[in-house]
Amino acid sequence: MKIAVCVSLVPDSTTKVKISENGKTIDENGVSFIINPYDEFAVEEALRIKEKNGGDVTAVAFGTEKAKEVIKKAFQMGADKGVLIKSETADFDSYTVAKNLSEYLKSENPDLIFFGKQSIDFDGLLIPSMVSELMNIPSVSVVVKLEINGKKISAEREIEGGKEIVESELPVIIGAQKGLNEPRYPNLKSIMAAKSKPIQEIPAYYKGKKTEITGMKLPPSKSSGKIFTNGPSDIPELVRLLREEAKVI
Amino acid sequence: MPKSILAFIENKDGKFKNSAFEVVSVANKTAKETGKELVLLAIGNDLEKEAESLRKYGAVKLICAELNSLNSYSPDNSIKYSASSFAKVISECAVQHDADVIILSATSLGKDLAGRIAIKTDSAVFNDCIDVKTESGKITASRPVFAGKSITDIASDSEKIVISIRPNVFKPELNESPVVNCEKADLSKMNLSENDFKAVVKEISVSSEKLDVAEADRIVSGGRGLREPENFKLIENLAAAIGAATGASRAVVDAGWRPHSEQVGQTGKTVSPSLYIACGISGAIQHLAGMSSSKCIVAINKDKDAPIFQIANYGIIGDVFEIIPALTDEFKKVLSN
Ligand SMILES: Cc1cc2nc3c(=O)[nH]c(=O)nc-3n(C[C@H](O)[C@H](O)[C@H](O)COP(=O)(O)OP(=O)(O)OC[C@H]3O[C@@H](n4cnc5c(N)ncnc54)[C@H](O)[C@@H]3O)c2cc1C
Ligand SMILES: Nc1ncnc2c1ncn2[C@@H]1O[C@H](COP(=O)(O)O)[C@@H](O)[C@H]1O
């Protein structure tokens, strides 16, 4: 089974967002970067399938030189190969990413392509479905359970208030949601092995984009709330305010 | 010549969802601002009889694509639907009506469709927006990024745009139109093929009859401060008293006390109800990521320094085992009057 996993590097989720001077990006000073948490579920699932069915797992990232870090994380978890589709600039959008990933993936034709359901930086929520259309192969995202039977798959996908069972044939794109599995921690051996794995570099296939960030701002800060300290005796007043001031009850 | 706006609206078992009214309202406003005609598209069975419910929000033209007929293009007759065929119908409909703006809701289905439609129609996409504006004829939008820790303004030079709006953020505005004209979509003109049914939904299961957190207008959430899974009875009672859905922090989901479907936060659901009551939740940044855009936040925590109080509109410093039952009783009392 030939498996590809698309991985992206994102600021750690505890990052305090500061906006840089250009007013359009975050200030990356002091920010630590991690593998997108949903991509860890994607890598884990790819590895489990390989361990069961044989084959190999290639981690693919589009980005600047820095994106090599995320391929290394995938190596540490156990990915066999790594490919960086290299962008000269960090100024790209979901469309640029989807175009580049799909060009590369078309040339490789994997049986299974994994994504995270969303990246936690720009929360684009777009790449898996865009790549699906660009490659003309089916996709299922927000997947919490995956079964493979020969050339067919059955996936459980989370929706509001329930689940959907989606069936498809290979090749297929899967967007991983938390709950799909429990990602492994790299052990010393896999960390050592990762060091010697080469990362293949490919120049970007496509440089255009369709959207422009024109500004970035912090969300309006809430004026400090009313905090009660007398326990149950404050409850009637709280409920009164919820009805008359906030008008939510 | 101004083109048109195509708005895709969702229904559940033949009734339009709340998100549909939000979409109609936003699309209607945008149509007025840009001088475009508004065309609504729905996919389902027998939707014409629900068309009237859209009139209040400015609907004048509704195209209904019959789901049963759509599914008949699939080789497999046991399917519920396929997202790719929906994307095909929406995209083809946009071409037929010369739409250069497509608006839909960022629901589970909408999130899945937006990227597909954007590629099919060669459009830019503004996904999961919390604000949509028209400035000198040009549509721009704002969307939360970094899990709501910041908001970006976006624009595009593309000729076509797909916009998905975050559910529960835009309140549907009344804007009555005289009449809604219904029309059946002609599926035979949409180039549908088996290819649009490669991944199909075979089964849709509702996890429970309970209201889902992602759709609820009121939420009561519990965290590790509840100490034991059994104590979530308190959360459920409080929720029941005000007709709220129940939510949870990741700590209690990971501990197996509550199902993942209830988790609110960065790796759970993003919610923006009008009332969010957080009980025994510290307010870690990843939890806030999922709920900080709630309109009114009430926090109950025994630690006065818990970060949740920094974003709460109202707070009670106290023991959940004492406060929650008293609050439940008070709500019951005032609501029964
Ligand atoms: C990548 C990543 C993603 C994450 N995603 C999420 C997510 O989606 N959602 C999420 O919630 N978390 C998420 N987390 C976890 C998050 O960091 C916190 O660990 C979690 O939210 C803590 O849950 P809690 O508030 O229930 O528990 P705690 O932090 O332990 O807080 C318990 C609170 O209860 C109070 N308390 C205790 N006893 C009482 C009492 N008797 N009466 C009143 N108050 C009491 C305490 O003062 C405390 O404030 C994520 C973490 C990471 C690293
Ligand atoms: N630059 C990138 N390189 C490789 N994969 C990416 C990149 N950006 C996003 N992805 C993948 O697409 C998924 C969804 O991202 P997004 O649509 O941006 O929320 C992520 O979880 C990754 O699997």
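Between chain B and the residues K117(A), R240(A), K99(A), K217(A), the most heavy-atom pairs under 4.5 angstrom are made by K217(A). Between chain B and the options I213(A), D93(A), I165(A), V248(A), heavy-atom pairs under 4.5 Å are most frequent for I165(A). Chosen from I26(A), V172(A), D234(A), V140(A), the residue pairing most often with chain B at heavy-atom distances under 4.5 Å is I26(A). For chain A, the option among D128(B), I285(B), N127(B), T107(B) with the highest count of heavy-atom pairs below 4.5 Å is N127(B). With chain A as the partner, the residue from I242(B), V334(B), L275(B), N195(B) showing the most heavy-atom pairs under 4.5 Å is V334(B). Ranked by heavy-atom pairs under 4.5 Å with chain B, the first of A98(A), G179(A), G124(A) is G124(A). Between chain A and the residues A199(B), S274(B), A289(B), A245(B), the largest count of heavy-atom pairs under 4.5 Å involves A199(B). Of all the listed residues (P232(A), G231(A), P11(A)), the one sharing the greatest number of non-hydrogen pairs under 4.5 Å with chain B is P232(A).
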For this session: Kindly indicate, with the supporting measurements, whether the criterion side-chain contact (heavy atoms from CB on, under 4.5 Å) is fulfilled by F228(A) and I300(B).
Result: CA-CA 10 Å; F228(A) 296 96; I300(B) 305 170; over 6 Å; no

For this session: Take R116(B) and S132(A) through the side-chain contact (heavy atoms from CB on, under 4.5 Å) test and state the conclusion after the steps.
Result: CA-CA 8 Å; R116(B) 298 179 197 265; S132(A) 161; 3.6 Å; yes

Problem set entry | Chi angles and distances behind the side-chain contact (heavy atoms from CB on, under 4.5 Å) call for T14(A), Q286(B) | CA-CA 7 Å; T14(A) 54; Q286(B) 298 91 351; 3.4 Å; yes

For this session: List the steps, then state whether side-chain contact (heavy atoms from CB on, under 4.5 Å) holds for V125(B) with T211(A).
Result: CA-CA 7 Å; V125(B) 43; T211(A) 53; 5.9 Å; no

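Taking a cutoff of 4.0 Å between a charged side-chain nitrogen and a carboxylate oxygen, E169(A) and K198(B) do not qualify as a salt bridge. At a threshold of 4.0 Å, the pair D157(B)-K210(A) does not count as salt-bridged, since none of the basic side-chain nitrogens sits closer than that to a carboxylate oxygen. K178(A) has a carboxylate O that lies under 4.0 Å from a charged side-chain N of D254(B), or vice versa, which qualifies the two as a salt bridge.
Donor-acceptor pairing under 3.5 Å is lacking for the side chains of Q177(A) and H260(B). Side chains of E237(A) and Y314(B): a donor-acceptor N/O pair is absent below 3.5 angstrom, by distance only.
A donor-acceptor pair is defined here as one N or O able to donate and one able to accept, closer than 3.5 Å; such a pair exists between the side chain of E160(A) and the backbone of S108(B). Formation of a donor-acceptor pair under 3.5 Å by the D121(A) side chain with backbone atoms of F146(B) is not found in this model. Distance alone, capped at 3.5 Å, places no donor-acceptor pair between the S150(B) side chain and the L218(A) backbone.
Within 6.0 Å of atom NZ in K202(B), more than 12 heavy atoms from other residues, nucleotides or ligands are found, so the atom counts as buried in its surroundings. More than 12 heavy atoms of other residues, nucleotides or ligands sit less than 6.0 Å from atom CD of E245(A). Around CD of E21(A), the count of heavy atoms belonging to other residues, nucleotides or ligands within 6.0 Å does not exceed 12. More than 12 heavy atoms of other shown residues, nucleotides or ligands fall within 6.0 angstrom of atom NZ in K17(B). The environment of K12(B) atom NZ is sparse: at most 12 non-hydrogen atoms of other residues, nucleotides or ligands sit within 6.0 angstrom.
In this structure, the portion of L238(A) lying under 4.5 Å from any heavy atom of chain B is its side chain and not its backbone. Only the side chain of Y95(A) comes within less than 4.5 Å of a heavy atom of chain B; its backbone N, CA, C and O stay farther away. With a threshold of 4.5 angstrom between heavy atoms, P128(A) does not approach chain B through any atom at all. Proximity to chain B is absent for every atom of V142(A), based on heavy atoms less than 4.5 angstrom apart. Contact annotation for S139(A): both backbone and side-chain heavy atoms come within less than 4.5 Å of a heavy atom of chain B. For chain A, the nearby part of L109(B) is the backbone; its heavy atoms alone come within less than 4.5 Å. Heavy-atom distances place no part of I127(A) under 4.5 Å from chain B, backbone and side chain included. For S141(A), no part lies under 4.5 angstrom from a heavy atom of chain B. If you measure heavy-atom distances from Y276(B) to chain A, you find no contacts under 4.5 Å at all. At a 4.5 Å heavy-atom cutoff, the contact between N136(A) and chain B is made by backbone and side-chain atoms alike. At a 4.5 Å heavy-atom cutoff, the contact between F126(B) and chain A is made by side-chain atoms alone.
You'll find the side chain of I120(A) reaches within 4.5 Å of the side chain of Q266(B), heavy atoms only. Using a 4.5 Å heavy-atom cutoff, the side chains of R157(A) and D112(B) are in contact. At least one side-chain heavy atom of V298(B) sits less than 4.5 Å from a side-chain heavy atom of L242(A). With contacts defined as side-chain heavy-atom distances shorter than 4.5 Å, the pair T214(A)/T140(B) does not qualify. The shortest side-chain heavy-atom distance between K163(A) and S261(B) does not fall under the 4.5 Å cut-off. Put simply, the side chain of V145(B) reaches to within 4.5 Å of the side chain of M216(A), judged on heavy atoms. A heavy-atom distance below 4.5 Å is found between the side chains of I249(A) and R218(B). No side-chain heavy atom of V166(A) sits under 4.5 Å from any side-chain heavy atom of V200(B).
Within the model, atoms NZ of K209(A) and OG of S158(B) stand 11.0 Å from one another, a figure rounded to the nearest 0.5 Å. Here CD1 of I235(A) is found 4.5 Å from CD1 of I316(B). Values are rounded to the nearest 0.5 Å. Rounded to the nearest 0.5 Å, atoms CZ (R243(A)) and CG (L335(B)) are 6.0 Å apart. With rounding to the nearest 0.5 Å, the separation of CD in E164(A) from CD1 in I204(B) is 5.0 Å. Between K111(B) atom NZ and Q118(A) atom CD the span is 6.5 Å, to the nearest 0.5 Å. Here the CG-CD distance, from D153(B) to E212(A), works out to 12.5 Å after rounding to the nearest 0.5 Å.
Heavy-atom minimum distance, E330(B) versus P236(A): OE2-CA, 3.6 Å. The shortest heavy-atom contact between S129(A) and G115(B) is OG-CA, 3.7 Å.
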Name every donor-acceptor pair, under 3.5 Å, that has one atom in a side chain of residues 317-328 of chain B and the other anywhere in the protein, sequence neighbours excluded.
{"unit_1": "D319(B)", "atom_1": "OD1", "unit_2": "F321(B)", "atom_2": "N", "d": "2.9"}
{"unit_1": "T328(B)", "atom_1": "OG1", "unit_2": "I324(B)", "atom_2": "O", "d": "2.7"}

